[in-house]
Visitor: 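What follows is a structure written as structure tokens; I'll ask about it next.
All chains are named by letter (A, B, ...) in the order of the sequence lines, taking the proteins before the strands, and each is independently numbered beginning at 1.
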Amino acid sequence: MLKTHSCGDLSKKDVGAEVTLAGWVDRRRDHGGLIFIDLRDREGLVQAVFNPDSSPDCHEIASRMRSEYVIKVSGEVALRPKGTENPKLPTGDIEVIVHSAEILNTSKTPPFYINEEVELEESLRLKYRYLDLRRARMRKNLLLRHRVIKFIRDFLDDKGFIEVETPILIKSTPEGARDYLVPSRVHAGKFYALPQSPQQLKQLLMVAGVEKYFQIARCFRDEDTRADRQPEFTQLDLEMSFVEEEDILGLMEELFTAMVETVRPESKIIKPFSRLSYAEAMERYGTDKPDLRFGLELKDLTDIAAQTEFAIFRSAIDQGGKVRGICIPGCGGYSRRQLDELNKLVQGLGAGGLVTIALGAGGGKLDALTIEEVKSVVAKFFTIDQVKQMGQRLEAEKGDLLLIVAGKPEIVDICLSELRQEMAKRLELADPNTFAFSFIIDFPLLSKNEETGLWEPMHHPFTAPREEDIPLLDSAPEKVRGRHYDLVCNGYEIAGGSIRIHTSGLQRKLFKLLGYSDEQVEERFGHLLKAFDYGAPPHGGIAAGIDRVVMLLAGEETIREVIAFPKNQNAADLTFDAPSPVSEEQLAELHLRLREER
RNA sequence: GGCCCCGUGGUGUAGCGGUCUAACAUGCCACCCUGUCACGGUGGAGAUCGGGGGUUCGAAUCCCCCCGGGGUCGCCA
């Protein structure tokens with residue numbers, strides 16, 4: 001090793017010790033005589049002192065050092081002179097008096113600050129990711145990610161799980177997300193697909209008798225990116241035999257509770273995890289991944305709206321739509337401009353518009369509200385009683401702001417859910433230091449695709465229906481409840497799983513209901529069905545999005561901040577400039593010819 | 001594919017029709033400085049304002065198209 005200690009590990013206890021350190025020049029302070037160098041390595045910073053009187057050679061070398069130069073120094077750890085300690089630095093009580101110095105490598109001036117926290121254009125960071133990762137924030141995130149994964153491995157190992165690797169080159173199954181395809185050289189015209197998740201593989205491992213499996217698994221989905229979605233991402237994939245819902249939920253609750261308490265001991269976690277049915281989540285929050293750190297619950301106003309003279313409400317209801325709203329406390333004084341912003345938000349989500357009703361400016365009981373105090377561009381269509389009824393339903397007081405959306409149920413839900421999130425952000429209602437986990441349960445097994453008229457799985461086609469609902473598969477598929485569960489936290493879906501179907505008969509029945517022909521079933525799922533015929537145990541599991549979990553724990557807003565080398569919004573790697581063209585020879589070997597695109 | 005936001009010295013911002021020959025901070029370079037720690041001081045270099053077209057007597061500024069980046073809807077079994 002070129003070093004005996006890490007910079008950030010030094011402390012008073014090392015005073016008097018002779019140390020050799022190596023790292024990067026974080027900052028240089030040249031006093032003409034004395035030169036101070038803040039030397040940085042992975043563990044932190046320490047001040048190195050170069051004195052021209054005692055070590056003129058070193059001083060000369062130090063005068064040539066610049067930011068991000070890689071250097072090696074030897075010297076004695078000393079207490080700083082009284083009054084020159086730096087309480088802002090963990091190593092601020094000490095310094096290293098250098099008597100031997102070497103420049104191991106020079107550095108160009110970096111394209112951005114390594115030693116300061118500045119918001120940068122992300123494309124620049126990604127282009128120079130290796131420099132970006134030197135910054136304290138990224139170093140911290142990488143370390144946190146490591147600790148989370150280490151924690152998971154230790155925890156599950158302790159519970160008797162074994163980690164099994166599954167193939168990255170596997171078979172395309174066209175349902176679900178778009179596959180990433182890999183052409184085969186050996187088999188002309190055939191392709192592997194990268195796994196969207198190891199779902200079927202882990203079920204085969206259950207048939208294999210593994211009983212308790214997990215994997216930190218890379219997954220690939222060729223779909224558009226989001227702040228919390230990347231083309232490739234990492235899941236904690238987990239499956240157990242001989243379990244029921246409670247076994248998996250209990251395990252997850254224990255895992256996540258212990259994880260948060262270990263890696264973020266200063267944060268608050270709401271225990272026990274709450275549980276919401278899918279229906280209740282949609283009813284109260286308009287989404288199946290609500291942020292439960294604050295209220296602002298949605299209420300249905302359809303019955304009241306139907307009584308009003310407001311044509312937009314009435315026509316929405318006539319067309320099978322609904323009218324719902326939320327109450328924003330204390331925002332009755334919102335400006336025209338602020339209301340316009342909210343209106344734009346819902347219009348961007350497909351709603352015709354947003355009805356805002358300001359219930360006066362001051363506080364006080366709703367009963368005291370007068371029609372003169374009500375501020376709304378559509379106030380003339382409502383009686384004061386109707387306004388009060390809506391206010392009452394929304395548990396409003398004077399001074400509050402009602403936000404109401406009418407239209408197709410899905411649109412209304414998504415608009416109000418987004419408004420709820422937006423207003424919570426503006427009013428800072430969500431404590432960033434709290435983790436509000438919740439299990440979402442009782443999902444319908446199927447949902448009808450309005451365009452194709454076909455039944456589609458809510459989760460995936462391997463999810464078991466509730467035993468008592470199986471007869472409904474023939475008569476009323478929409479009423480069948482799936483044995484599916486999600487884990488959400490602070491507005492993000494961080495895990496989803498289910499008890500699976502483990503008999504080929506029921507699995508075939510499901511496939512049939514989903515509209516697959518016998519040939520398709522055989523071609524795509526024959527391996528799984530065949531396996532089920534050889535003593536498949538009842539089993540179930542869950543998959544958690546590691547990137548999202550680490551993002552939440554790190555307090556970051558995108559998963560790119562917790563991935564070492566993420567893709568950008570266009571699924572490109574800016575460090576490598578991937579994807580990139582390949583040679584004609586490479587294509588020929590793979591039996592490929594590029595199409596002319598118009 | 002749709003919608004919204006952003007693009008000005010290396011970096012981060014200001015400027016939003018004329019005095020912009022583009023400002024500020026920081027970084028960079030040189031010199032001075034022996035206890036600083038976002039060291040300090042003096043001086044200097046560094047941007048045809050993402051690209052193209054248009055409007056105008058005049059465009060960083062207004063309009064259109066394109067490119068790049070971000071957010072989001074669709075999509076994500």
Side-chain angles (χ1 to χ4, degrees), chain A residues 26-39 45-54 59 66-68 78 80-89 91-92 95 97 108-128 131 173-179 196-197 199-200 219-231 233 341 344-351 410-411 414-415 418 421-422 445-447 449 451 454-463 484 493 496 498 510-511 514 516 524-525 545 557-558 560 568-570 572 574:
Chain A
D26 195 69
R27 221 177 267 281
R28 184 179 65 121
R29 290 177 295 280
D30 184 346
H31 286 232
L34 279 179
I35 294 176
F36 299 98
I37 299 260
D38 288 338
L39 183 56
L45 284 182
V46 72
Q47 173 166 282
V49 186
F50 298 78
N51 191 318
D53 301 333
S54 52
H59 183 265
R66 295 292 182 273
S67 286
E68 300 308 312
R80 291 192 183 193
K82 247 200 163 51
T84 66
E85 300 88 353
N86 184 354
K88 282 184 279 186
L89 215 57
T91 60
E95 59 193 8
I97 311 296
K108 287 177 154 180
T109 301
F112 49 80
Y113 303 104
I114 310 297
N115 53 14
E116 272 177 53
E117 286 300 321
V118 190
E119 280 304 314
L120 291 168
E121 200 166 308
E122 204 175 332
S123 54
L124 187 72
R125 295 174 54 197
L126 293 178
K127 188 173 170 188
Y128 294 97
L131 297 181
T173 50
E175 47 285 322
R178 206 175 285 114
D179 280 323
Q196 296 176 24
S197 84
Q199 180 62 35
Q200 295 182 56
C219 305
F220 305 86
R221 294 180 190 173
D222 188 2
E223 299 291 349
D224 288 350
T225 63
R226 290 288 184 275
D228 63 348
R229 264 165 44 188
Q230 284 267 299
F233 58 100
E341 285 170 2
K344 259 184 144 176
L345 181 98
V346 302
Q347 284 177 343
L349 294 167
E410 314 86 73
I411 301 277
I414 192 170
C415 286
E418 286 304 311
Q421 211 65 38
E422 171 65 21
L445 184 69
L446 304 163
S447 66
N449 183 318
E451 280 171 32
L454 290 174
W455 289 107
E456 292 182 346
M458 200 73 173
H459 182 44
H460 58 47
F462 315 110
T463 299
H484 170 51
E493 179 194 327
S498 59
L510 251 295
F511 284 138
L514 297 172
Y516 295 126
R524 294 176 193 174
F525 305 108
E557 307 237 312
T558 85
R560 294 187 300 276
N568 74 357
Q569 190 167 58
N570 295 319
L574 297 182

Visitor: Summarise how protein sits on nucleotides 72-77 of chain B as a single string, 5' to 3': B when a protein heavy atom is under 4.0 Å from the base, S for sugar-phosphate-only contact, - for no contact.
Guide: BBBBBB
Visitor: Take atom C1' in B:G9 and the same atom in B:C24, then report the distance between them in whole Å.
Guide: 12 Å
Visitor: To the nearest angstrom, how far is A:L126 atom CG from B:G69 atom P?
Guide: 10 Å
Visitor: Are A:E116 and A:R27 close enough, and set up right, to give a side chain to side chain contact (heavy atoms under 4.5 Å, CB included), and what steps lead you there?
Guide: CA-CA 10 Å; A:E116 272 177 53; A:R27 221 177 267 281; 3.9 Å; yes
Visitor: Report all interatomic pairs (protein N or O, nucleotide N or O of nucleotides 34-38 of chain B) with separations under 3.5 Å.
Guide:
{"residue": "B:U34", "atom": "OP2", "partner": "A:H31", "partner atom": "O", "Å": "3.4"}
{"residue": "B:U34", "atom": "OP2", "partner": "A:G33", "partner atom": "N", "Å": "3.2"}
{"residue": "B:U34", "atom": "O4'", "partner": "A:L34", "partner atom": "N", "Å": "3.4"}
{"residue": "B:U34", "atom": "N3", "partner": "A:D53", "partner atom": "OD2", "Å": "3.1"}
{"residue": "B:U34", "atom": "O4", "partner": "A:D53", "partner atom": "OD1", "Å": "2.2"}
{"residue": "B:U34", "atom": "O4", "partner": "A:D53", "partner atom": "OD2", "Å": "2.2"}
{"residue": "B:G35", "atom": "N1", "partner": "A:E95", "partner atom": "OE1", "Å": "3.4"}
{"residue": "B:G35", "atom": "N1", "partner": "A:E95", "partner atom": "OE2", "Å": "2.9"}
{"residue": "B:G35", "atom": "N2", "partner": "A:E95", "partner atom": "OE1", "Å": "2.4"}
{"residue": "B:G35", "atom": "N2", "partner": "A:E95", "partner atom": "OE2", "Å": "3.2"}
{"residue": "B:U36", "atom": "O4'", "partner": "A:H31", "partner atom": "NE2", "Å": "3.4"}
{"residue": "B:U36", "atom": "O2'", "partner": "A:H31", "partner atom": "NE2", "Å": "3.4"}
{"residue": "B:U36", "atom": "O2", "partner": "A:R29", "partner atom": "NE", "Å": "2.6"}
{"residue": "B:U36", "atom": "O2", "partner": "A:R29", "partner atom": "NH2", "Å": "3.3"}
{"residue": "B:U36", "atom": "O2", "partner": "A:Q47", "partner atom": "OE1", "Å": "3.4"}
{"residue": "B:U36", "atom": "N3", "partner": "A:Q47", "partner atom": "OE1", "Å": "2.7"}
{"residue": "B:U36", "atom": "N3", "partner": "A:Q47", "partner atom": "NE2", "Å": "3.1"}
{"residue": "B:U36", "atom": "O4", "partner": "A:Q47", "partner atom": "NE2", "Å": "2.7"}
{"residue": "B:U36", "atom": "O4", "partner": "A:R80", "partner atom": "NH1", "Å": "3.2"}
{"residue": "B:C37", "atom": "O4'", "partner": "A:R29", "partner atom": "NE", "Å": "3.0"}
{"residue": "B:C37", "atom": "O2'", "partner": "A:R29", "partner atom": "NH1", "Å": "3.3"}
{"residue": "B:C37", "atom": "O2", "partner": "A:Q47", "partner atom": "OE1", "Å": "3.4"}
{"residue": "B:C37", "atom": "O2", "partner": "A:N86", "partner atom": "ND2", "Å": "3.2"}
{"residue": "B:C37", "atom": "N3", "partner": "A:R80", "partner atom": "NH1", "Å": "2.5"}
{"residue": "B:C37", "atom": "N4", "partner": "A:R80", "partner atom": "NH1", "Å": "3.1"}
{"residue": "B:C37", "atom": "N4", "partner": "A:T84", "partner atom": "O", "Å": "2.2"}
{"residue": "B:A38", "atom": "OP1", "partner": "A:K88", "partner atom": "NZ", "Å": "3.0"}
{"residue": "B:A38", "atom": "OP2", "partner": "A:K88", "partner atom": "NZ", "Å": "3.4"}
{"residue": "B:A38", "atom": "O3'", "partner": "A:R27", "partner atom": "NH1", "Å": "3.4"}

Visitor: Return the CZ to OG1 distance between A:F233 and A:T225, rounded to the nearest 0.5 Å.
Guide: 13.0 Å
Visitor: Provide the distance between the two C1' atoms, one in B:C62 and one in B:C29, to the nearest whole Å.
Guide: 40 Å
Visitor: For B:G46 versus B:G58, give the span between their C1' atoms, rounded off to a whole number of Å.
Guide: 28 Å
Visitor: Got a sec, which residues hit side chain to side chain donor-acceptor pair (under 3.5 Å) with A:R221, two or more places apart in sequence or on another chain?
Guide: none
Visitor: Do any N or O atoms of the protein come closer than 3.5 Å to N or O atoms of nucleotides 4-10 of chain B, and which pairs are they?
Guide:
{"residue": "B:G10", "atom": "O2'", "partner": "A:P111", "partner atom": "O", "Å": "2.9"}
{"residue": "B:G10", "atom": "N2", "partner": "A:Y113", "partner atom": "OH", "Å": "3.0"}

Visitor: Enter the distance from A:E341:CD to A:E422:CD here, rounded to the nearest 0.5 Å.
Guide: 8.0 Å
Visitor: Expressed in whole Å, how much space separates the C1' atoms belonging to B:U56 and B:C64?
Guide: 16 Å
Visitor: Rounded to whole angstroms, how far apart are CG on A:L345 and P on B:G71?
Guide: 16 Å
Visitor: Rounded to the nearest Å, what distance is computed from the OH atom of residue A:Y128 to the C1' atom of nucleotide B:U11?
Guide: 12 Å
Visitor: Using the P atom as the reference point in each nucleotide, state the distance between B:U8 and B:G44 in Å, no decimals.
Guide: 26 Å
Visitor: Is B:C24 paired to anything, Watson-Crick or G-U wobble with both distances less than 3.5 Å, and if yes, which nucleotide?
Guide: B:G12
Visitor: Suppose you measure atom P in B:C16 against the same atom in B:U61; what distance do you get, rounded to whole Å?
Guide: 12 Å
Visitor: Is it the case that over 12 heavy atoms from other parts of the model lie below 6.0 angstrom from the CD atom of A:E557?
Guide: no
Visitor: Have a look at A:N570 and say if it touches a base, only the backbone sugar-phosphate, or nothing, with a 4.0 Å heavy-atom cut-off.
Guide: sugar-phosphate
Visitor: Expressed in angstrom and rounded to an integer, what is the separation of A:E119 atom CD from B:G69 atom C1'?
Guide: 14 Å
Visitor: Once salt bridge (Lys or Arg N to Asp or Glu O under 4.0 Å) is applied, do any residues pair with A:E121, and if so which ones, sequence neighbours excluded?
Guide: none
Visitor: Treating A:T91 as the side-chain partner and A:L45 as the backbone partner, does any N or O pair qualify as donor plus acceptor under 3.5 Å?
Guide: yes
Visitor: Could you tell me the Watson-Crick or G-U partner of B:C3, where both distances fall under 3.5 Å? Say none if there is no partner.
Guide: B:G71
Visitor: Going by salt bridge (Lys or Arg N to Asp or Glu O under 4.0 Å), name the residues that satisfy it together with A:E456, two or more places apart in sequence or in a different chain.
Guide: none
Visitor: Under the salt bridge (Lys or Arg N to Asp or Glu O under 4.0 Å) test, which residues partner A:R229, sequence neighbours left out?
Guide: none
Visitor: Quick one: A:D30 CG to B:C29 P, roughly how many Å, whole number?
Guide: 12 Å
Visitor: Distance check, C1' atoms only: B:A47 and B:C20, in whole angstrom units.
Guide: 12 Å
Visitor: Taking ring-ring contact (aromatic ring centres under 6.0 Å, His included) as the definition, give me every residue that meets it alongside A:F36, ordered by chain and number, with sequence neighbours left out.
Guide: A:H31
Visitor: Taking atom P in both B:U11 and B:G50, compute the distance separating them and give it to the nearest angstrom.
Guide: 13 Å
Visitor: With sequence neighbours excluded, what pairs up with A:E122 under the side chain to side chain donor-acceptor pair (under 3.5 Å) test?
Guide: A:R560
Visitor: Test of understanding: with salt bridge (Lys or Arg N to Asp or Glu O under 4.0 Å), list the residues that count as partners of A:E85, not counting sequence neighbours.
Guide: none
Visitor: For a quick check of understanding: with a heavy-atom distance under 4.0 Å over all strands, which category does A:R560 fall into, base, sugar-phosphate or nothing?
Guide: sugar-phosphate
Visitor: Figure out the CG/C1' separation between A:L574 and B:G68, and round it to whole Å.
Guide: 10 Å
Visitor: List, with names and distances, any nitrogen or oxygen atoms from the protein found under 3.5 Å away from nitrogen or oxygen atoms belonging to nucleotides 43-48 of chain B.
Guide:
none

Visitor: Which is true for A:L514 with a 4.0 Å heavy-atom rule: it touches a base, it touches only sugar-phosphate, or it touches nothing?
Guide: nothing
Visitor: How close or far is atom P of B:G12 from atom CG of A:N115, stated in whole angstroms?
Guide: 15 Å
Visitor: Could you tell me which residues satisfy side-chain contact (heavy atoms from CB on, under 4.5 Å) with A:D179, sequence neighbours excluded, listed by chain and number?
Guide: A:S172, A:L181, A:A193, A:Q196
Visitor: If you look at every heavy atom in A:L124 and A:P111, which pair is closest and at what distance?
Guide: CD2-O, 4.2 Å
Visitor: Base, sugar-phosphate alone, or nothing: which one does A:N568 contact when heavy atoms must sit under 4.0 Å apart?
Guide: sugar-phosphate
Visitor: To the closest 0.5 Å, what do you measure between CD (A:E68) and OG1 (A:T109)?
Guide: 10.0 Å
